[in-house]
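The structure appears below as structure tokens.
Quick caveat: nothing in here was measured; it's all calculated off a predicted structure. These numbers come from the heavy atoms of this one structure, side chains and all, not from hydrogens, waters or symmetry mates.
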Amino acid sequence: MTLSVKWESCVRSRSRAATCHACVDGCPVKAISFDGPRASVKVDMATCTGCGRCQAVCPTEVFHGVADVAAFVEQAGSTLSCTPTFCLSLLTTEDFVTLALRHGTVKVDGAGCTTCRVSPSLVGERVERATAFLSASGFAAKLVEVVKPGALPASVAPTPVVVAPSRRALLRRFLPGAEPVPAAPLVLAALDPVKVKDKPLPARRERLLARLGSTPRERAATALPTDEVDFTSDKVLDLTTCTGCLQCVSACPTAALTSSRGLDEVRFDAARCVKCGTCHDVCEPRSLTLARRFDTALLSGGPRSLARFTVKACAECGVRFKYDGGDAICPRCAGHDDEARELHGLPTKPPGASA
């Protein structure tokens with residue numbers, strides 16, 4: 001098994017404020033940490049079992065190589081079940097929706113999930129989310145659980161699947177200072193600053209959007225509570241607290257958030273949102289929040305305006321900023337001015353006051 005990690009796709013490579021920890025939480029054997037350079041992703045391949053959970057839970061598809069999900073989705077029929085080489089837990093909610101839209105009705109045989117000691121209920125949860133999304137979107141497509149994926153009996157404690165220890169791994173147990181040797185190859189590409197600036201759409205989203213665009217709806221789309229949709233979201237921007245810094249636009253890994261050429265408008269496209277939360281992490285005044293409900297029609301609606309505001313060039317440094325009245329001075333220069341006034345014992349000007 002070869003695990004490939006694309007550093008440039010990780011939201012933590014784009015912003016130190018990013019708090020996404022889906023891969024760490026999703027790893028059943030705790031082989032993933034943020035102990036890499038600059039708190040980046042680190043994989044302990046001596047512990048990794050190759051289950052592929054990281055590949056499925058990462059919103060920006062940082063992990064590759066455990067299984068070819070694209071090939072499976074392309075070749076899968078109308079009945080899904082685990083095989084010796086592919087586990088259904090590698091399919092995301094988006095993948096289940098894509099397959100249902102293709103075949104109309106998909107039967108999910110979760111017999112293997114019932115005895116799974118790694119992710120006994122994961123498939124069932126994603127099937128339920130996909131079913132709710134299909135219904136709210138107005139599609140006739142559906143998912144039918146032939147054998148409902150369920151958890152193990154309470155008397156059976158789930159235990160992680162571990163790889164058979166090698167002689168070197170056994171030696172490390174007695175020699176803590178020995179150099180670790182990966183149990184499987186790990187391909188780590190060097191972080192390319194140019195690629196970090198790219199904002200590609202995950203392959204699973206491209207497959208879903210292609211299928212959404214070619215499938216007619218039987219009825220009008222409705223909304224779902226935002227916590228019932230795990231792969232996209234809707235946003236609300238509070239202009240009373242927003243500073244117009246556009247950090248949310250810069251940090252978004254998929255260009256779901258964009259700005260106008262004049263930097264006086266923030267736009268949002270739910271079709272490109274992967275619900276990674278990075279835009280919320282970088283927003284210092286917490287002006288950007290999740291909408292309480294998600295209108296499923298937004299995936300086909302294209303970008304929409306979240307907010308428009310007035311922009312002016314700072315009279316002191318020339319930087320363009322969100323203007324709310326008063327002196328045309330950006331927040332940074334205003335802060336410097338307040339510091340200078342305090343240093344010389346002068347009263348601080350109230351916000352928006354003219355000189």
- Task: Report yes if the side chains of Cys317 and Cys330 come closer than 4.5 Å at any heavy-atom pair, otherwise no.
- Result: yes

- Test Phe139 against Thr215 for side chain to side chain contact (heavy atoms under 4.5 Å, CB included), laying out the working first. CA-CA 8 Å; Phe139 295 111; Thr215 306; 3.8 Å; yes

- Message: Between Asp95 and Arg207, does any side-chain N to carboxylate O distance fall below 4.0 Å?
- Response: yes

- Message: Using the rule given for side chain to side chain contact (heavy atoms under 4.5 Å, CB included), can you reason through Leu101 versus Leu134, listing the C-alpha separation, both sets of side-chain angles and the distance that settles it, and then say yes or no?
- Response: CA-CA 8 Å; Leu101 291 175; Leu134 287 166; 3.7 Å; yes

- Flag, side chain of Arg217 to backbone of Ser137, donor-acceptor distance under 3.5 Å: yes

- Value rounded to 0.5 Å, distance of NE2 in His280 from OG1 in Thr289: 7.0 Å

- Task: Look at the side chain of Glu316 and the backbone N and O of Ile329, then say whether any donor-acceptor pair between them is shorter than 3.5 Å.
- Result: no

- Message: Using a 3.5 Å distance criterion without hydrogens, assess whether the side chain of Arg102 forms a donor-acceptor pair with backbone atoms of Val73.
- Response: yes

- Taking the side chain from Ser214 and the backbone from Ala210, do they hold a donor-acceptor pair closer than 3.5 Å? yes

- Could you tell me whether Arg267 and Glu265 make a salt bridge, using a distance below 4.0 angstrom between a side-chain N and a carboxylate O? yes

- Honestly, is Arg12 close enough over Phe34, meaning NZ or CZ under 6.0 Å from the six-membered ring centre and within 45° of the axis? yes

- Nearest heavy-atom contact between Phe96 and Ala130 is CB-CB, 3.8 Å

- Task: Tell me, with the steps shown, if Thr79 and Val106 meet side chain to side chain contact (heavy atoms under 4.5 Å, CB included).
- Result: CA-CA 6 Å; Thr79 300; Val106 171; over 6 Å; no

- Item | Taking every non-hydrogen atom, the tightest pair across Val123 and Ser89 | CG2-N, 3.6 Å

- Query: Got Arg272 and Asp269 here, is their nearest side-chain heavy-atom distance under 4.5 Å?
  - Reply: yes

- Note on the structure: Heavy atoms of Lys275 and Asp227 approach each other most closely as NZ-CA, 4.2 Å

- Between the main-chain N or O of Lys312 and the side-chain N or O of Arg320, is there a donor-acceptor pair closer than 3.5 Å? no

- Message: Working note: Asp230 + Phe133, criterion side chain to side chain contact (heavy atoms under 4.5 Å, CB included); need CA distance, chi angles, decisive distance, verdict.
- Response: CA-CA 10 Å; Asp230 61 359; Phe133 178 83; over 6 Å; no

- Single-linkage hydrophobic cluster Leu201~Val57, side-chain heavy atoms < 4.5 angstrom: no

- Heavy-atom side-chain contact between Leu239 and Phe309 under 4.5 Å: yes

- Item | Distance, nearest 0.5 Å, that separates CG of Leu246 from CZ of Phe321 | 13.5 Å

- Task: For residues Cys279 and Leu257, report the shortest heavy-atom separation together with the two atoms involved.
- Result: CB-CD1, 3.5 Å

- Is the shortest distance from a Lys or Arg side-chain nitrogen in Arg304 or Asp234 to a carboxylate oxygen in the other one below 4.0 Å? yes

- Query: Does the Asp109 side chain pair with the main chain of Leu80, one donor and one acceptor, at a distance under 3.5 Å?
  - Reply: no

- Is Arg286 reaching over with its side chain to a backbone N or O of Cys283, donor-acceptor style, under 3.5 angstrom? yes

- Item | Check: Arg211 side chain, Leu99 main-chain N or O, donor-acceptor pair, under 3.5 Å | no

- Query: Within a radius of less than 6.0 Å around CD of Glu206, do more than 12 heavy atoms belonging to other residues, nucleotides or ligands occur?
  - Reply: yes

- Message: If you define the side chain from C-beta out and look only at heavy atoms, does anything of Cys27 sit under 4.5 Å from Cys54?
- Response: no

- Message: Tell me every residue that passes side-chain contact (heavy atoms from CB on, under 4.5 Å) with Cys245, counting only those two or more places apart in sequence or in another chain.
- Response: Thr243, Gln247

- Query: Do you reckon Val274 sits in the same ILVMFWY cluster as Leu209, going by side-chain contacts under 4.5 Å, direct or chained?
  - Reply: no

- Separation between CG (Leu224) and OG (Ser135), nearest 0.5 Å, reads 8.0 Å

- Mind listing the closest non-hydrogen atom pair of Phe63 and Cys23 along with its distance? CE1-CB, 3.6 Å

- Message: Tell me whether Thr93 contacts the main-chain N or O of Arg129 through its side chain, where contact means a donor paired with an acceptor under 3.5 Å.
- Response: no

- Item | Gap separating the CG atom of Asp295 from the OG1 atom of Thr222, nearest 0.5 angstrom | 8.0 Å

- What is the distance from atom CZ of Arg14 to atom NZ of Lys199, rounded to the nearest 0.5 Å? 6.5 Å

- Query: Any side-chain heavy atom of Pro202 within less than 4.5 Å of one from Thr254?
  - Reply: yes

- Item | Student check: side-chain heavy atoms of Phe268 and Thr258 closer than 4.5 Å | no

- Should the pair Phe86 and Phe72 be assigned to parallel (<30°), tilted (30 to 60°) or perpendicular (>60°) ring geometry? parallel

- So with a 6.0 Å cut-off around CZ of Arg16, is the heavy-atom count from everything else above 12? no

- Query: Are Val319 and Val249 connected, step by step, through hydrophobic side chains (Ile, Leu, Val, Met, Phe, Trp, Tyr) whose heavy atoms are closer than 4.5 Å?
  - Reply: no

- Item | Single-linkage hydrophobic cluster Leu298~Leu288, side-chain heavy atoms < 4.5 angstrom | no

- After noting the C-alpha distance and the side-chain angles of Asp238 and Ser287, does the key distance pass the side chain to side chain donor-acceptor pair (under 3.5 Å) rule? CA-CA 5 Å; Asp238 184 359; Ser287 304; 5.9 Å; no

- Task: Answer yes or no: is there a donor N or O on one side and an acceptor on the other, between the side chain of Ser260 and the main chain of Asp264, under 3.5 Å?
- Result: yes

- Query: Do the non-hydrogen side-chain atoms of Cys48 and Met45 ever get within less than 4.5 Å of each other?
  - Reply: yes

- Query: Mind checking whether Cys51 and Cys87 have side chains closer than 4.5 Å, heavy atoms only?
  - Reply: no

- Query: Looking only at heavy atoms, which two atoms of Cys276 and Pro59 are closest? And how far apart?
  - Reply: CB-CG, 3.9 Å

- Note on the structure: Here the gap from Arg126 atom CZ to Leu143 atom CG, rounded to the nearest 0.5 Å, amounts to 13.5 Å

- Item | ILVMFWY cluster, Leu290 and Phe231 together (side-chain gap under 4.5 Å) | no

